[in-house]
Amino acid sequence: MRHLIVKLSILVMSALMLICIFDQTYFLFTKQKREPVTYVFAPYPPRENPYQIVALGNSHTMMGIDFTNYQLPAINLSEHGAKLPYYLTSLKQYHQQIAPSALIIIDISHIAFSLQPPHRLDNLQTAYYNKMSPFLIPKLNISFYLQKHLCPFLQSFAQIRQDYQQAIKTAHHPPPATNEIELNDDFNLVETIQAYLASNEAELVNHIKPEQIDFVSQPWSHESTKLSQQYFAQNLQTLKELLAYCQLHHWRPILITIPVYNELENALPANYKSVYIYNQLAKIDLGKIPYFDFTQQTNFSRQALFFNDADHLNKNGAKVFSYLLLQKLIEQGYLSHSVDGYKY
C-alpha cells in the first residue's frame with residue numbers, strides 16, 4: 001500500500017511539473033501576459049463616497065455610457081456579453097458601496113430578453129472571476145474558475161481556449177472601420193451635439209457596411225440556441241427580481257434602451273421591438289419605474305459618426321448619448337442641474 005501511495009505521489013508530482021513547464025513555455029513563446037489574479041470572496045466593503053448612479057448592461061451600455069461629465073460618484077458595471085442575471089450579481093457584489101436612493105440605470109437592449117441565460121459552459125462568466133465572489137456568479141463553472149483563477153499555472157489552458165474562440169469570432173465578424181473624426185469636448189461639445197441632433201441630414205461618411213448590419217440583424221431576428229423567444233419568461237423573472245432587489249435597498253431603478261444604427265433598425269422585422277422589448281415590459285407592473293426608449297431619436301441613430309458598428313456606439317456616440325441621458329434625468333427630476341458637468 002505504501003509503495004502504491006509513493007508511486008501515485010510521484011505520478012501526480014510529475015504531471016504537475018509537466019503542466020507547469022508547458023504553462024511557462026506557452027506564455028514565454030506567445031509573449032502573452034498572464035492575467036493578474038484578484039481574490040474576491042465577499043461583497044465589497046462600504047466606500048467613503050457611495051455611488052449615486054450605477055449603470056448595468058452589456059457591451060451596448062459599456063461602450064455607450066460615459067459618466068465623465070456627471071458631477072457625482074458614478075460607476076458603470078456593464079460587461080461584454082452580460083445577461084440579466086449578471087446585472088443582479090453586480091448589484092449584490094457592490095451593494096454596500098451604493099448610496100440609498102441611488103439611480104440604477106438598467107439597459108434593456110434589443111436582445112435582453114432573448115439571450116440564453118447563464119449556464120456552466122458560458123465562457124462569458126470568466127470576465128467576473130477577478131471582480132466578484134464565486135458564491136455570487138450564477139452557474140459557476142468550477143473547472144474554469146480553478147484553471148483561470150485559483151490555479152494560475154493552469155492559465156495557459158484557459159488562454160488557449162479563449163484564443164481559439166476569439167479567432168472564430170474574428171473570422172466571422174466583419175471588423176469595424178475606425179472613425180478618425182472625434183467630437184471635441186474641450187469647449188464646444190454641447191454645441192456640436194445639438195447641431196448634429198438638429199440636422200435633418202445623415203452623416204455622409206458611412207463606415208458601417210451592409211455585411212456588418214446583416215451580421216447583427218440575422219441572429220437577432222432568427223431563433224437559435226443563444227437567442228430565442230423561449231428565454232423570455234426566465235429573463236423576465238430575473239428582471240422582476242432585479243427590480244425588487246433595487247426597491248429592497250431603496251434605490252431608484254430606471255430602464256432605458258440605447259440606440260442602435262438606423263440601418264440595423266430598418267433591417268429588423270417591423271414588429272421586432274414590440275415582440276422582443278415592449279410586449280415583455282408590459283408583463284411587468286413597473287409602477288413608478290420609468291422606461292426611456294432612446295431608439296426613437298432617429299436623428300441620433302442616423303449619424304454613422306456616432307457608431308462603432310451596427311449596434312455599438314463609439315466614443316463620439318457615448319459622449320452624445322450620455323449627454324442626452326443626463327438631460328433626460330434632469331428634465332424628469334431624477335437629478336439636479338448641479339450634476340451637469342458639460343461645458344456650454
Side-chain angles (χ1 to χ4, degrees), residues 44 46-80 82 86-109 112 127-128 131-132 182-194 196-197 242 246 249-260 289-295 297 300 306-308 312-344:
Y44 295 128
R47 68 193 305 266
E48 185 176 348
N49 295 311
Y51 297 115
Q52 296 181 39
I53 185 168
V54 178
L56 299 172
N58 52 28
S59 55
H60 301 107
T61 323
M62 187 177 182
M63 298 174 67
I65 294 182
D66 180 1
F67 288 132
T68 301
N69 292 308
Y70 288 47
Q71 300 299 299
L72 75 174
I75 187 171
N76 191 335
L77 297 179
S78 306
E79 187 61 62
H80 287 290
Y86 291 121
Y87 298 10
L88 180 56
T89 297
S90 298
L91 284 184
K92 290 180 178 179
Q93 182 66 45
Y94 282 84
H95 76 272
Q96 296 187 86
Q97 298 191 348
I98 302 174
S101 77
L103 294 181
I104 310 297
I105 309 298
I106 303 171
D107 177 35
I108 304 299
S109 71
Y128 296 94
K131 303 176 183 178
M132 295 184 186
E182 185 168 351
L183 300 183
N184 187 343
D185 58 357
D186 290 333
F187 60 93
N188 66 350
L189 176 60
V190 173
E191 181 181 339
T192 306
I193 289 173
Q194 292 174 341
Y196 269 105
L197 296 179
L242 175 60
C246 289
H249 288 273
H250 306 290
W251 300 326
R252 296 176 291 166
I254 293 176
L255 308 182
I256 67 169
T257 298
I258 297 176
V260 298
I289 299 173
Y291 169 59
F292 302 136
D293 181 9
F294 289 93
T295 65
Q297 301 206 5
F300 181 104
F306 297 160
F307 290 88
N308 186 63
H312 293 95
L313 299 177
N314 58 17
K315 290 182 179 180
N316 293 328
K319 291 176 182 178
V320 178
F321 177 72
S322 301
Y323 170 77
L324 294 176
L325 175 62
L326 178 60
Q327 300 314 307
K328 174 66 76 173
L329 295 175
I330 292 174
E331 172 192 311
Q332 296 295 318
Y334 292 100
L335 292 175
S336 68
H337 287 280
S338 63
V339 306
D340 187 345
Y342 286 87
K343 295 178 182 179
Y344 290 84

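- In summary, the side chains of D107 and S109 do not present any donor paired with an acceptor at a separation below 3.5 Å, with no hydrogens or angles considered.
- Remark: R47 is not positioned above the aromatic ring of Y44, lacking an NZ or CZ atom under 6.0 angstrom from the ring centre and at most 45 degrees off the axis.
- The distance from the CZ atom of F292 to the CD1 atom of I105 is 8.0 Å, given to the nearest 0.5 Å.
- A 4.5 Å side-chain heavy-atom check between M132 and S90 finds at least one atom pair inside the cut-off.
- When all heavy atoms of L313 and F300 are compared, the pair lying nearest together is CD2-CE2, 3.6 Å.
- In this structure, S322 contributes its side chain and D66 its backbone to a donor-acceptor pair below 3.5 Å.
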List the steps and the verdict of side-chain contact (heavy atoms from CB on, under 4.5 Å) for L326 and L335. CA-CA 8 Å; L326 178 60; L335 292 175; 3.8 Å; yes
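- With contacts defined as side-chain heavy-atom distances shorter than 4.5 Å, the pair N69/Y323 does not qualify.
- The distance from the CD1 atom of I98 to the CD1 atom of I104 is 4.5 Å, given to the nearest 0.5 Å.
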Residue pair D340, Y70: steps toward the side-chain contact (heavy atoms from CB on, under 4.5 Å) verdict: CA-CA 6 Å; D340 187 345; Y70 288 47; over 6 Å; no
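- At least one side-chain heavy atom of R252 sits under 4.5 Å from a side-chain heavy atom of Y334.
- Shown here for Q71 and S338, the closest heavy-atom pair between the two residues is CB-O, 4.0 Å.
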Step by step, would you call N308 with M63 a side-chain contact (heavy atoms from CB on, under 4.5 Å)? CA-CA 9 Å; N308 186 63; M63 298 174 67; 3.9 Å; yes
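- Rounded to the nearest 0.5 angstrom, C246 SG and I106 CD1 are separated by 4.5 Å.
- The shortest non-hydrogen separation linking I256 to F321 is CD1-CZ, 3.9 Å.
- Contacts of T89 classified as side chain to side chain donor-acceptor pair (under 3.5 Å), with partners at least two apart in sequence or in another chain: none.
- Applying the side chain to side chain donor-acceptor pair (under 3.5 Å) rule to pairs touching residues 95-105 yields nothing, sequence neighbours excluded.
- When every heavy atom of P253 is checked against every heavy atom of I289, the shortest pair comes out as O-CG2, 3.5 Å.
- By the 30° and 60° cut-offs, the orientation of the rings of H60 relative to H312 is parallel.
- Rounding to the nearest 0.5 Å gives a distance of 12.0 Å between OH of Y86 and NZ of K131.
- For the residue pair F307 and P259, the shortest heavy atom distance occurs at CE2-O, 3.8 Å.
- Residue E331 holds its CD atom at 9.5 Å from NE2 of H337, rounded to the nearest 0.5 Å.
- When side chains are defined from C-beta on, I254 counts as touching L329, because their heavy atoms get closer than 4.5 Å.
- The CE atom of M62 sits 13.0 Å away from the CG atom of L56 when rounded to the nearest 0.5 Å.
- By the 4.5 Å heavy-atom criterion applied to side chains, H80 and N58 are not counted as neighbours.
- A distance-only check finds no donor-acceptor pair linking the side chain of W251 to the backbone of V54 [under 3.5 Å].
- Within the 4.5 Å cutoff, the side chain of I75 has no heavy atoms near those of the I53 side chain.
- In the model, Y291 has a side-chain atom that pairs as donor or acceptor with a side-chain atom of T257 under 3.5 Å.
- Residues L325 and F294 are in side-chain contact: their nearest non-hydrogen atoms beyond the backbone lie under 4.5 Å apart.
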